[in-house]
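Here's the structure, in structure tokens; my notes come after.
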Amino acid sequence: MENGVFICSFFQISDTQTMKVNQTVVGEFILVGFSVYPHVQMFLFLVFLGLYLLTLTGNLAIMGLTWVDRSLHIPMYLFLGALSFSETCYTLTIIPKMLADLLTGNRGISVTACGLQMCFFLGLGGTNCVILTLMGYDRFLAICNPLRYPLLMTNVGCGRLVASAWTAGFLISLIETALIFRGSFCSPNLVRHFFCHMRAVVRLSCLDSDLTGSVVTAISVSGLMGTFLLIIITYVFILSTVFRIPSAEGKQKAFSTCASHLAVVLVHFGFAAIVYLKPEASGGDDTLMAVPFTVITPFLSPIIFSLRNKDMKNALRKVLGKRRCLKK
């Protein structure tokens with residue numbers, strides 16, 4: 001009886017493996033995306049195009065102002081310029097392809113292009129998280145160690161930290177992408193997303209997709225929660241220092257330099273948590289849930305930093321004033 005059970009189990013495993021092997025290996029994916037909402041695709045195209053153009057305008061304005069105005073050549077704004085550049089590249093990896101798919105309906109993407117898109121998306125997303133952490137560290141040094149701040153945070157040191165952020169972001173990204181694309185992919189070749197999201201792609205792997213998905217999700221969640229925890233720790237020290245300032249005006253001035261950064265952190269990590277901390281088995285449309293993180297967050301970030309920052313407003317007035325003088 002035991003031998004019979006063993007033989008049956010063996011043939012069941014063999015049949016499963018044979019079915020897996022016999023599946024067609026794909027060389028191209030189809031991004032399902034918003035094709036499940038055919039009646040609103042043109043509306044979505046117009047909305048996303050408008051948000052994308054405003055996002056590019058905001059980020060390019062921040063990069064231009066930090067480059068032109070010498071008064072902004074300090075670590076705080078160098079980090080902001082680096083974040084704007086990273087977010088510009090981040091949106092370029094996803095939104096143009098998404099807009100083209102909405103407009104033309106041609107949703108095909110090669111496996112190689114999918115891997116590159118995923119690598120840059122994860123790398124730039126990780127870079128954004130690290131840069132936001134570095135901006136919190138910059139504010140921590142400025143408020144908690146103001147006398148040593150000029151020595152601890154120089155422009156050269158700021159550049160090295162930004163380079164380390166890019167290195168860390170893409171190192172993790174290369175590991176995750178290599179794990180997902182180490183084998184071939186079996187049909188059906190439908191990626192149920194509007195870009196090559198790791199969870200959607202890993203489901204199509206011919207290898208053990210559950211194990212790979214768990215590993216890459218654990219890596220992403222660890223990086224996300226790790227950077228967020230570091231930011232929270234820095235703000236615990238910042239708040240403890242601010243509350244010890246005797247005057248109300250001093251407290252308001254100290255905390256006003258952190259307000260925009262804290263707002264962007266809450267938006268960025270809040271929307272990211274919705275995407276990456278959602279259980280795999282839970283319901284909900286992954287496509288719609290990813291829109292805030294991939295489209296709304298990059299749109300809000302330059303607006304928050306620009307509207308709540310007096311130095312950025314003054315720099316913009318200077319540039320506009322010079323242009324008016326030149327026209328006259």
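Just so you know, these numbers come straight off a predicted model, no measurement behind them.
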Nearest-0.5 Å distance, [atom1] of residue [X] to [atom2] of residue [Y]:
{"X": "Ile74", "Y": "Thr66", "atom1": "CD1", "atom2": "OG1", "result": "11.0 Å"}
{"X": "Ile175", "Y": "Leu179", "atom1": "CD1", "atom2": "CG", "result": "7.5 Å"}
{"X": "Gln117", "Y": "Leu122", "atom1": "CD", "atom2": "CG", "result": "10.0 Å"}
{"X": "Asn128", "Y": "Phe269", "atom1": "CG", "atom2": "CZ", "result": "9.5 Å"}
{"X": "Leu72", "Y": "Ile62", "atom1": "CG", "atom2": "CD1", "result": "10.5 Å"}
{"X": "Leu49", "Y": "Leu99", "atom1": "CG", "atom2": "CG", "result": "5.5 Å"}

Between [Y] and [X], is there a side-chain heavy-atom distance shorter than 4.5 Å?
{"X": "Phe228", "Y": "Leu224", "result": "no"}
{"X": "Phe34", "Y": "Val40", "result": "no"}
{"X": "Val156", "Y": "Arg160", "result": "yes"}
{"X": "Cys196", "Y": "Leu31", "result": "yes"}
{"X": "Ser301", "Y": "Val267", "result": "no"}
{"X": "Phe45", "Y": "Asp101", "result": "no"}
{"X": "Leu103", "Y": "Met42", "result": "yes"}
{"X": "Thr294", "Y": "Met98", "result": "no"}

Specify the closest pair of heavy atoms between [X] and [Y], including all atoms of both residues, with the distance to one decimal.
{"X": "Lys97", "Y": "Gly108", "answer": "NZ-O, 2.9 Å"}
{"X": "Ser260", "Y": "Ile304", "answer": "O-CG2, 3.7 Å"}
{"X": "Ser86", "Y": "Ile131", "answer": "CB-CD1, 4.3 Å"}
{"X": "Ser222", "Y": "Ala218", "answer": "OG-O, 2.6 Å"}
{"X": "Leu134", "Y": "Ala165", "answer": "CD1-CB, 4.1 Å"}
{"X": "Ser173", "Y": "Met118", "answer": "OG-O, 4.3 Å"}

Cluster overlap [X] with [Y], hydrophobic side-chain contacts below 4.5 Å:
{"X": "Leu147", "Y": "Leu151", "answer": "no"}
{"X": "Leu54", "Y": "Met63", "answer": "yes"}
{"X": "Leu78", "Y": "Ile143", "answer": "no"}
{"X": "Leu204", "Y": "Val36", "answer": "yes"}
{"X": "Val215", "Y": "Ile172", "answer": "yes"}

Side-chain donor/acceptor of [X] to backbone N/O of [Y], under 3.5 Å:
{"X": "Thr177", "Y": "Leu174", "value": "no"}
{"X": "Thr297", "Y": "Pro292", "value": "yes"}
{"X": "Ser205", "Y": "Val201", "value": "no"}
{"X": "Thr57", "Y": "Leu53", "value": "yes"}
{"X": "Arg139", "Y": "Gly136", "value": "no"}
{"X": "Thr241", "Y": "Phe237", "value": "yes"}

Start with the C-alpha distance between Phe43 and Val47, add both sets of side-chain angles, then the distance that settles side-chain contact (heavy atoms from CB on, under 4.5 Å), and finish with yes or no.
CA-CA 6 Å; Phe43 171 75; Val47 170; 3.7 Å; yes
Decide yes or no on side-chain contact (heavy atoms from CB on, under 4.5 Å) for Ser71 and Tyr77, but give the supporting numbers first.
CA-CA 9 Å; Ser71 65; Tyr77 294 107; over 6 Å; no
Please work out which of the three classes, parallel, tilted or perpendicular, describes the rings of [Y] and [X], given edges at 30° and 60°.
{"X": "His197", "Y": "Phe195", "value": "perpendicular"}
{"X": "Tyr90", "Y": "Phe293", "value": "perpendicular"}
{"X": "Tyr235", "Y": "His261", "value": "parallel"}

Checking side-chain contact (heavy atoms from CB on, under 4.5 Å) for the pair Val162/Phe79: CA distance, chi angles, key distance, verdict?
CA-CA 7 Å; Val162 171; Phe79 282 130; 3.8 Å; yes
So for atom [atom1], which belongs to [X], do other residues, nucleotides or ligands contribute more than 12 heavy atoms lying within a distance under 6.0 Å?
{"X": "Phe48", "atom1": "CZ", "result": "yes"}
{"X": "Glu28", "atom1": "CD", "result": "yes"}
{"X": "Tyr149", "atom1": "OH", "result": "yes"}

For Met198 and Phe121: C-alpha separation, side-chain torsions, deciding distance, then whether side-chain contact (heavy atoms from CB on, under 4.5 Å) applies.
CA-CA 10 Å; Met198 62 179 190; Phe121 170 75; over 6 Å; no
